[in-house]
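Working notes, structure below.
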Amino acid sequence: MKILVINCGSSSLKFQLLDMENEKLITSGLVERIGIEGSCYLINVAGEKHRVYVDLPDHSVALKHVLDALVDPQYGLISSLDEISAVGHRVVHGAEAYASSVMIDDDVMNELIKCTELAPLHNPANIIGIEAIQQLMPGVPNVGVFDTAFHQTMEPSSYIYALPYEMYTKHRVRRYGFHGTSHKYVSERVADIMGRDDLKIVTCHLGNGASVTAIDSGKSVDTSMGFTPLEGLVMGTRSGQIDPAIISFLMEKENLTINEMNDMLNKKSGILGVSGVSSDFRDVEAAAAEGHERSQLALDIFRRRVKRYVASYAAVMGGLDAIVFTGGLGENSAEDRKLICDGMQFMGVEIDDERNNTRGVEAEISSENSKVKVFVIPTNEELAIARDTLKLTKDLI
Ligand code: AMP
């Protein structure tokens with residue numbers, strides 16, 4: 001049984017085709033610059049990358065090229081689209097409507113459209129992707145897997161902002177949390193490894209976007225992203241949590257429009273804004289190693305913020321059994337993992353430097369005596385989406 005996973009962004013899309021008999025990846029790829037000059041798609045075949053430059057005016061045309069490539073005899077991937085049993089779509093925002101993945105029908109599409117005002121940059125692209133697949137692969141079931149769903153278990157004391165309560169009832173302003181598919185996947189892996197389902201886990205998804213989640217007995221009880229993915233940690237280009245009064249202060253001082261202010265908070269802040277060097281951690285770490293002070297400062301701010309969340313979430317849960325690092329930085333940077341955990345020995349967190357000297361593979365990196373286990377777990381959101389898609393569609397196909 002083969003499942004196609006689609007993750008549509010505003011001008012790009014990623015895809016994976018998985019054989020769910022053995023959960024093996026058949027192929028993966030991405031399409032870039034949809035609707036922009038220089039568009040192309042890339043498909044991985046047997047370890048080789050094939051990049052094809054072609055005019056891709058919209059997502060529908062882009063997906064048509066992807067589907068054609070999947071059945072192209074020169075790649076030898078599948079012989080017909082009929083082999084694809086279902087399509088799983090990453091959808092950013094499901095608001096309060098979805099606490100788990102769902103088969104997509106007309107009612108769901110209407111609900112997704114209603115969620116668009118909450119995720120104006122993401123949901124429209126997700127909706128276009130679903131519509132394109134419905135058109136190109138009629139009769140094939142589509143499943144929506146939401147970034148927000150896993151966090152629907154949070155209690156009001158975690159998700160209500162201390163604004164006038166009507167802002168929640170009238171405008172749905174509350175904390176939703178994101179990266180849910182990733183936090184769920186890595187926490188379930190740890191529950192498997194440790195053979196327990198009553199664990200108190202803090203998962204740190206550290207990449208260009210970054211968030212921390214407190215998970216008690218498999219349920220998200222708190223998470224660092226909020227109404228939008230802007231809240232919480234310092235990220236590649238996002239500010240994370242700041243004093244909200246700064247916004248009106250700076251809009252006045254710098255004579256900024258709402259869009260310009262949003263642009264500053266989302267695209268010009270974070271690691272990029274403080275370092276002035278790059279939004280990519282590798283560049284900033286290289287600059288810091290050469291003595292660039294603002295790069296060092298950016299990294300120090302980032303690490304301190306992660307530490308704050310980890311420790312405060314242990315307090316929220318009344319204990320801590322495991323910390324998990326995932327995402328591009330969390331999976332690859334031994335130094336960041338070490339420095340984030342440093343100082344938490346008092347609460348039973350002890351990293352083993354030798355075990356920590358690992359990249360991109362599943363590993364336990366805490367010392368033998370560490371009360372709290374620390375793990376690196378590479379995330380696999382696509383596999384999690386494919387598993388949910390299979391679960392919801394296997395009786396239909
Ligand atoms: P993601 O958004 O999860 O793909 O993560 C991307 C981020 O991970 C980028 O900022 C990369 O610089 C960072 N990253 C990847 N590998 C490393 C590494 N070895 N050391 C530090 N940062 C890394």
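We count ligands from 1, going down the list as the structure has it; atoms in each ligand are counted the same way.
The shortest N or O to N or O distance between Ser333 and ligand 1 is not under 3.5 Å. Note: no N/O pair closer than 3.5 Å links Gly209 and ligand 1 by distance alone. Of the N or O atoms in Asp336, none lie within a sub-3.5 Å distance of an N or O in ligand 1.
For Arg196, the CZ atom is densely surrounded, since the number of other residues' heavy atoms within 6.0 Å is greater than 12.
Taking every non-hydrogen atom of Gly327 and a distance limit under 4.0 Å, the qualifying atoms of ligand 1 come out as 3 (O). For ligand 1, the atoms lying closer than 4.0 Å to a non-hydrogen atom of Gly207 are 1 (P), 2 (O), 3 (O), 5 (O). Applying the 4.0 Å criterion to heavy atoms of Glu285 picks out, from ligand 1, the atoms 20 (N), 21 (C). In summary, the atoms of ligand 1 found under 4.0 Å from a heavy atom of Arg359, numbered by their order in the structure, are 19 (N).
Closest protein heavy atom to atom 23 (C) of ligand 1: Arg282 CG, 3.8 Å. When hydrogens are left out, the protein atom nearest atom 14 (N) of ligand 1 is Gly328 O, 3.7 Å; that is the closest non-hydrogen contact. Looking from atom 10 (O) of ligand 1 to the surrounding protein, the closest heavy atom is Phe281 N, 3.0 Å. If you check which protein heavy atom lies closest to atom 7 (C) of ligand 1, you get Asn208 N, 4.0 Å.
In this structure, Glu331 does not pair ionically with Arg337, as no charged nitrogen and carboxylate oxygen lie closer than 4.0 Å. Under 4.0 Å is where a charged nitrogen must lie from a carboxylate oxygen, and between Arg172 and Glu117 at least one such pair does. The existence of a salt bridge linking Arg189 and Asp192 is confirmed by a sub-4.0 Å separation between a basic side-chain nitrogen and an acidic carboxylate oxygen.
In this pair, Tyr176 and Phe227 present their aromatic rings tilted. The plane angle is within the 30 to 60° band. In this pair, His65 and Tyr41 present their aromatic rings tilted. The plane angle is within the 30 to 60° band.
Not close to ligand 1: Glu331, with no non-hydrogen atom less than 4.0 angstrom away.
No option in His151, His205, His93, His122 other than His93 meets the ring-ring contact (aromatic ring centres under 6.0 Å, His included) test with Phe178.
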- Item | Worked check of side-chain contact (heavy atoms from CB on, under 4.5 Å) between Tyr98 and Val108 | CA-CA 10 Å; Tyr98 302 107; Val108 174; 3.6 Å; yes

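Nearest to atom 12 (O) of ligand 1 by heavy-atom distance, out of Asn332, Asp280, Leu299, is Asp280. The option with the heavy atom closest to atom 22 (N) of ligand 1, from among Thr379, Leu329, Leu206, is Leu329.
Ser366 contributes a side-chain N or O that, together with a main-chain N or O of Val374, makes up a donor-acceptor pair within less than 3.5 Å.
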